**Q** 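Before anything else, here's the structure in question.
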There are 2 protein chains.
Amino acid sequence: MKNGKYSISDVAEMLGVSKSTVSRAINGNSGVGDELRKKVLDLVDEIGYKPNTIAQSLSRGRVNIVALILGDIRNPFYADLAFNIQRILNSHGYMVMVFNSEYDVQREIEFLKLTIQFNFAGLILITAQTEIVEDMLHSMDVPMVLVNRILPSYTGDSVLTDNFQAGYMAVMHLLELGHKHIGFVRGPGVSSASSQRFEGYRQALRNFSLPFNEEYVYESDLKMETGITLARNFVKDLKVRPSAMVVVNDMTAIGFIDGCRENGLSIPEDLSIVSFDDIEFSAMKGIELTTISQHVDKMSEHAARLMLKQLEEKDAKPERVILEPTLVIRKTTGPCKE
Amino acid sequence: MKNGKYSISDVAEMLGVSKSTVSRAINGNSGVGDELRKKVLDLVDEIGYKPNTIAQSLSRGRVNIVALILGDIRNPFYADLAFNIQRILNSHGYMVMVFNSEYDVQREIEFLKLTIQFNFAGLILITAQTEIVEDMLHSMDVPMVLVNRILPSYTGDSVLTDNFQAGYMAVMHLLELGHKHIGFVRGPGVSSASSQRFEGYRQALRNFSLPFNEEYVYESDLKMETGITLARNFVKDLKVRPSAMVVVNDMTAIGFIDGCRENGLSIPEDLSIVSFDDIEFSAMKGIELTTISQHVDKMSEHAARLMLKQLEEKDAKPERVILEPTLVIRKTTGPCKE
DNA sequence: TTGTAAGCGTTATCAG
DNA sequence: CTGATAACGCTTACAA
């Protein structure tokens, strides 16, 4: 017994039995007599012995930690996902380690390398980007779930919203309100979610012969602060402004709206805005975003379920779960007045 | 070499040297010739060998993970703290594992037990509560930093805002605006930050002979949703309402304001509100909280610094860092009209 | 400078 | 049903 903590050898010695017996007893494995098992368990309970997880991991060849890589935990959408996934996996005996890539490919690759070094039990990626990552992923033989982003050649488990449809829906809603000139704030190019929303938007524009204007397309790194900056440019640089904007995520939209109001634009009177995610804040008085829900609860449940499936069945078939987006109409969109 | 990964033995064998030599070389320890060291490093680099962190940890007796226990990662105040702390510790070679206690003592104790089992390198507690926890903490011989909460008998490293002063400041601000009847939404009783803010509030009331009314005191679990519920009761149950409220944190305040407006109260015309934290959202148009900043950046820097100090110096003296709160006046407080 | 070997705390294999 | 004993991959005295 070192450092105030008991080891399995201590327990074995105290009982005059072998380590194997103790190991079997505490792990609920067969091969120990009922009487002896009870004796072991009683002592373990009494002295408060806990097996050393590191040693277990080394022996078993993997650690019971699932790595979760996401862009930025400060974004409520990701925070919700992380929270829910963590809760579910915890309740099944797994730990979750959250990494913030800060939307940076280099950092993401670093974390992927860590996954190898640590022998993590599984890997959940909420922000998988570029071919480099894709190559690494292919060479990694570990349970893996992709959430909300898709990699072209990836065929494993994944759960995502139908982002094309989401983008399409956004435009349809604006169209019904009479808007014809509709701009778009996209996310980083490497985000498939963003690209697909953009595609849906383009398609809707085409289907209804609405004009597409390159000048009305902006790019955000998904942060609120960036939304504010973008809005300032939007207000100042454009001689003729669109009457509506589709914005890649709620955080950017909240910032964007803030920037617009700061510069004298009224929302939705002067400009209608639809975004995506439906984070908790978007329902608040004073915000009240019209947004397209990604159903973060379902998304996290599926992600956790798929991970557990891979963790617990050796050769489970890969699933691709596709969630339907839902339009939530609040107060940032209104009829077009022209 | 198993599972596509090289072990130190593989490297040693390929070079015809011993494992110890490889170990010394890659860890930058003395006792290897320059030439041989270079040979080792070159091969390691070429084949992309990475030491197995678990095996290292078992051997060294601790794993390079710092555990960070907080109430709820979905609260932006905590998310900011976690993000910053993680970033700093990562850059010094430590991993951070975030646990959501969900403000529940039982869960917190579970996580503490995990710290023992895992032999985590350090422990950062942003939500330390009750005597049970206190006892456990005392018996744990691991680098430890308490953030934003204080335990009576704890003498180790800690960083916190002067919450008493913060509570006092909140009242002073309202007093200057002419308010006399001031209520309070407190946090859970186990939160020392909340209790001290409450004490500061009480003291200010006493110092200026303002009336204290038990009916005007509510309790929140720090969540936005709860703020909404509280506000509904506040509006409906009270025949005579105070003209101002001090609310324990921004998230509750945002919900509270929402609930008030939903029930026809105007903020700040009918009711002034001051809260604490100054999360990013509080600056948004449509929210614009008057709030007391806890300087989350400084707070995280100190927390990380104190942890690193303990991690890297064997017998560093404990420090208690106390941050001055700052009042940020925005638009949820206004003059009292009576 | 380099190698040998013991140990870190478990689990798993194989005898008894 | 139970006990030795060998891994797991690395670090670290101690020898050479």
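Just so it is clear, the structure is predicted and the values come from calculations on it, not from any experiment. Protein chains get the first letters and strands the later ones, always in sequence-line order, with residue 1 at the start of each.
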**Q** Answer yes or no: is there an ion pair linking A/K19 with A/E13, defined by an N-O contact shorter than 4.0 Å?
**A**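 No salt bridge links A/K19 with A/E13.
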**Q** Is it the case that the side chain of A/D72 and the backbone of A/R74 share a donor-acceptor pair, with hydrogens and angles ignored and the cut-off at 3.5 Å?
**A**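 It does hold such a pair.
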**Q** Could you measure the distance from the CZ atom of B/F120 to the CZ atom of B/F111? Nearest 0.5 Å is fine.
**A** 10.0 Å
**Q** Nearest to the side chain of A/Y49, heavy atoms from C-beta on, is which of D/dC10, C/dT11, C/dT10?
**A**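 In terms of side-chain proximity for A/Y49, the closest of D/dC10, C/dT11, C/dT10 is C/dT10.
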**Q** Can you measure B/K5 atom NZ to D/dG9 atom P for me and round it to whole angstrom units?
**A**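 So the two atoms are 9 Å apart, to the nearest Å.
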**Q** What is the separation between atom CD1 on A/I26 and atom P on C/dA12, rounded to the nearest whole Å?
**A** 11 Å
**Q** Examine B/Y49 together with B/Y6 and report whether their ring centres are nearer than 6.0 Å.
**A**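 Not under 6.0 Å, so no.
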**Q** Does the pair B/D42/B/K38 count as a salt bridge with the N-to-O cut at 4.0 Å?
**A**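 Yes.
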**Q** Taking only side-chain nitrogens and oxygens of B/Q56, does any of them come within less than 4.0 Å of OP1 or OP2 of D/dT11?
**A** yes
**Q** Are side-chain N/O atoms of B/K5 and B/N52 paired as donor and acceptor at under 3.5 Å?
**A**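 Looking only at side-chain atoms, B/N52 and B/K5 do not form any donor-acceptor pair under 3.5 Å.
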**Q** Between C/dT10 atom P and A/Y6 atom OH, what is the distance in whole Å?
**A**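 Atom OH in A/Y6 sits about 14 Å away from atom P in C/dT10.
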**Q** In whole angstrom, what separates B/N29's CG from C/dG3's P?
**A** 16 Å
**Q** Does A/S59 place a side-chain N or O at less than 4.0 Å from the phosphate oxygens OP1/OP2 of C/dG9?
**A** no
**Q** Round to a whole Å and report the spacing from CG of A/L58 to P of C/dG7.
**A**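 So the CG-P distance, A/L58 to C/dG7, works out to 17 Å.
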**Q** Rounded to whole Å, please give me the gap between CD1 in B/I8 and C1' in D/dT12.
**A**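 Result: 12 Å.
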**Q** So which nucleotide from D/dT11, D/dC10, C/dT10 ends up closest to the side chain of B/N52?
**A**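 The answer is D/dC10, which lies nearest to the side chain.
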**Q** Can you tell me which residue pairs pass the salt bridge (Lys or Arg N to Asp or Glu O under 4.0 Å) test with a partner in residues 83-102 of chain A, sequence neighbours excluded?
**A** A/R87-B/E102, A/E102-A/R107, A/E102-B/R87
**Q** Between A/E134 and A/S153, is there a donor-acceptor pair closer than 3.5 Å when you use the side chain of the first and the backbone of the second?
**A** yes
**Q** Would you kindly give the CG-to-P distance between B/N27 and D/dG9, to the nearest whole Å?
**A** 17 Å
**Q** Would you mind classifying the nucleic acid contact of A/G31 as base, sugar-phosphate or nothing, using non-hydrogen atoms under 4.0 angstrom?
**A** base
**Q** Using a cut-off of strictly less than 4.0 Å between a heavy atom of the residue and any atom of DNA chain C, enumerate the qualifying residues of residues 13-21 of chain A by number.
**A** A/K19, A/S20
**Q** Choose from C/dT11, C/dG9, D/dT2 the nucleotide whose nearest atom is closest to any side-chain atom of A/R24.
**A** D/dT2
**Q** Angle, rounded to 10°, between the helical axes spanning five pairs at each terminus of the helix from C/dT1-D/dA16 to C/dG16-D/dC1?
**A**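 Between the first-five-pair axis and the last-five-pair axis there is 40°.
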**Q** Over all strands shown, is B/L36 touching base, sugar-phosphate only, or nothing at heavy-atom distances under 4.0 angstrom?
**A**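 Since only primed, P, OP1 and OP2 atoms lie under 4.0 Å of B/L36, the category is sugar-phosphate.
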**Q** Answer yes if the side chains of B/N84 and B/E301 hold a donor-acceptor pair under 3.5 Å, and no otherwise.
**A**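 Absent: no donor and acceptor within the cut-off.
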**Q** Can you find a side-chain donor-acceptor pair between A/S23 and A/S20 that sits under 3.5 Å?
**A**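 Note: A/S23 and A/S20 side chains miss the donor-acceptor criterion.
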**Q** Rounding to an integer number of Å, can you tell me how far B/K50 NZ sits from D/dC10 P?
**A** 13 Å
